[in-house]
Amino acid sequence: MKIHIRNARPDEYYTVEAIMKQVQQMHIDWRPDIYKYSETVLPLEVYEQAVMEKTFFVAEYDETVAGILFIAYRHIESPSQVTRNIIFVDSMAVDKKYRGKGIGHAFFDFLKDIKNQKGYNGIELQVNARNDAARKFYSDYGFTDKSVNMELL
């Protein structure tokens, strides 16, 4: 297989940031009333911390970084909710040159393995309501709606 998921390295920051900027531009295109251009999408110190904590991963496609995955491990416990441990996908993106090559599926297969190894209850994420391609991809993979964010402008 051409896809290899591994922990990100500190020296890959600029490659990761370039992929993050592609996603930011999509958000700007969908919602220029909310999103704007920023010189830095992912602050270096946030990236370095995630690399150190082993919560930032890259997908290599033919030995080239083609996708990124940033996760958080969350413990949910409150009087009104069932106690659960989840993997929350903070960011997942595939470089536009590599979309449609199975990288997203590889990331989720990778996350399912982590979930099972750690005995976690699930994997959660948020998706922009206007990102039809991502919503379809997540749904086709097996994700279901958990909640809906709404706004009044």
Side-chain angles (χ1 to χ4, degrees), residues 5 7-8 12-59 61 65-116 118-153:
I5 311 293
N7 288 300
E12 295 171 317
Y13 172 74
Y14 292 104
T15 301
V16 167
E17 177 69 2
I19 294 170
M20 295 291 288
K21 283 184 176 184
Q22 289 178 16
V23 174
Q24 179 69 6
Q25 187 58 54
M26 288 190 312
H27 285 92
I28 292 167
D29 293 345
W30 291 318
R31 293 296 307 263
D33 58 319
I34 295 175
Y35 298 98
K36 65 180 184 174
Y37 174 80
S38 175
E39 192 64 39
T40 302
V41 178
L42 177 67
L44 177 60
E45 57 275 6
V46 172
Y47 176 74
E48 289 174 334
Q49 183 72 26
V51 168
M52 187 180 73
E53 293 174 354
K54 299 191 181 314
T55 56
F56 211 106
F57 305 92
V58 297
Y61 187 87
V65 173
I68 61 97
L69 174 68
F70 183 18
I71 65 170
Y73 297 105
R74 292 187 178 168
H75 177 76
I76 300 162
E77 186 172 349
S78 78
S80 61
Q81 291 186 350
V82 173
T83 299
R84 302 179 314 124
N85 291 306
I86 63 153
I87 297 172
F88 182 79
V89 178
D90 180 277
S91 301
M92 185 179 91
V94 176
D95 187 306
K96 60 185 170 188
K97 296 181 297 247
Y98 297 96
R99 292 182 190 148
K101 299 188 181 299
I103 294 168
H105 277 90
F107 272 140
F108 285 132
D109 292 346
F110 174 77
L111 286 178
K112 281 184 0 187
D113 287 344
I114 292 174
K115 177 186 84 67
N116 293 334
K118 291 184 173 288
Y120 273 44
N121 304 98
I123 301 166
E124 297 182 6
L125 55 80
Q126 289 183 317
V127 60
N128 188 298
R130 296 189 183 179
N131 191 343
D132 295 329
R135 291 179 68 176
K136 181 179 180 342
F137 169 73
Y138 300 145
S139 179
D140 289 350
Y141 192 86
F143 282 82
T144 59
D145 290 345
K146 177 185 168 200
S147 62
V148 175
N149 292 333
M150 301 182 81
E151 66 183 344
L152 178 64
L153 300 176

- Message: As an exercise, state the distance from OG1 of T55 to CD of Q49, rounded to the nearest 0.5 Å.
- Response: 8.0 Å
- Message: Tell me every residue that passes side-chain hydrogen bond (donor to acceptor under 3.5 Å, both in side chains) with Y141, counting only those two or more places apart in sequence or in another chain.
- Response: D109
- Message: Once rounded to the nearest 0.5 Å, what's the spacing between atom CD of Q22 and atom CG of D95?
- Response: 4.5 Å
- Could you pull out the closest heavy-atom pair between L69 and F110, with the gap in Å? CD2-CD2, 4.3 Å
- Message: If you apply the rule side chain to side chain contact (heavy atoms under 4.5 Å, CB included), what do you find for F88 with I71, and how did you get there?
- Response: CA-CA 6 Å; F88 182 79; I71 65 170; over 6 Å; no
- Using the test side-chain hydrogen bond (donor to acceptor under 3.5 Å, both in side chains), find all partners of D29 that sit at least two apart in sequence or belong to another chain. Q25
- Query: What pairs meet the salt bridge (Lys or Arg N to Asp or Glu O under 4.0 Å) rule with one or both residues in residues 139-151, with sequence neighbours excluded?
  - Reply: R31-E151, E124-K146, K136-D140
- Task: Can you measure from CD1 (I68) to CD (E17) and round to the nearest 0.5 angstrom?
- Result: 10.0 Å
- Check step by step if side chain to side chain contact (heavy atoms under 4.5 Å, CB included) holds for E12 and V58. CA-CA 9 Å; E12 295 171 317; V58 297; 4.2 Å; yes
- Start with the C-alpha gap between K118 and I87, add the side-chain angles, then the distance that decides, and say whether side chain to side chain contact (heavy atoms under 4.5 Å, CB included) holds. CA-CA 10 Å; K118 291 184 173 288; I87 297 172; 5.5 Å; no
- Message: I need the full list of side chain to side chain donor-acceptor pair (under 3.5 Å) pairs touching residues 66-76, with sequence neighbours left out, sorted by first then second residue.
- Response: H75-E77, H75-N85
- Rounded to the nearest 0.5 Å, how far apart are NZ of K96 and CE of M26? 10.0 Å
- Over all atoms of both residues, closest heavy-atom pair of G67 and I19: N-CD1, 4.1 Å
- side chain to side chain contact (heavy atoms under 4.5 Å, CB included) with I76: which residues, sequence neighbours excluded? Q81, R84, I86
- Note on the structure: Contacts of E48 meeting side chain to side chain contact (heavy atoms under 4.5 Å, CB included) (sequence neighbours excluded), chain-then-number -> L44
- Message: For a quick test of reading the model, state the closest non-hydrogen atom pair linking R135 to N128 and the distance between them.
- Response: CD-O, 3.8 Å
- Message: Can you list everything that forms a side chain to side chain contact (heavy atoms under 4.5 Å, CB included) with Y37? Sequence neighbours excluded, please.
- Response: K21, I28, E39
- Message: Tell me the closest heavy-atom pair linking V41 and Q24, and the distance in Å.
- Response: CG2-CB, 3.9 Å
- What residues, two or more places apart in sequence or in another chain, satisfy ring pair (Phe, Tyr, Trp, His ring centres under 6.0 Å) together with F70? F56
- Query: Can you list the residues that meet the ring pair (Phe, Tyr, Trp, His ring centres under 6.0 Å) rule with F143, with sequence neighbours excluded?
  - Reply: F108, Y138
- G122 versus K115, closest heavy-atom pair with distance: CA-CD, 3.7 Å
- Could you list the residues that satisfy salt bridge (Lys or Arg N to Asp or Glu O under 4.0 Å) with K54, not counting sequence neighbours? none
- Set of residues satisfying side chain to side chain contact (heavy atoms under 4.5 Å, CB included) with respect to P32, sequence neighbours excluded: none
- Query: Between Y47 and Y13, how do the two ring planes meet: parallel, tilted or perpendicular, split at 30° and 60°?
  - Reply: tilted
- Note on the structure: Between V51 and A8 the two heavy atoms that sit nearest each other are CG1-O, 3.4 Å
- Task: Measure the CG-OG1 distance between N121 and T83 for me, rounded to the nearest 0.5 Å.
- Result: 9.5 Å
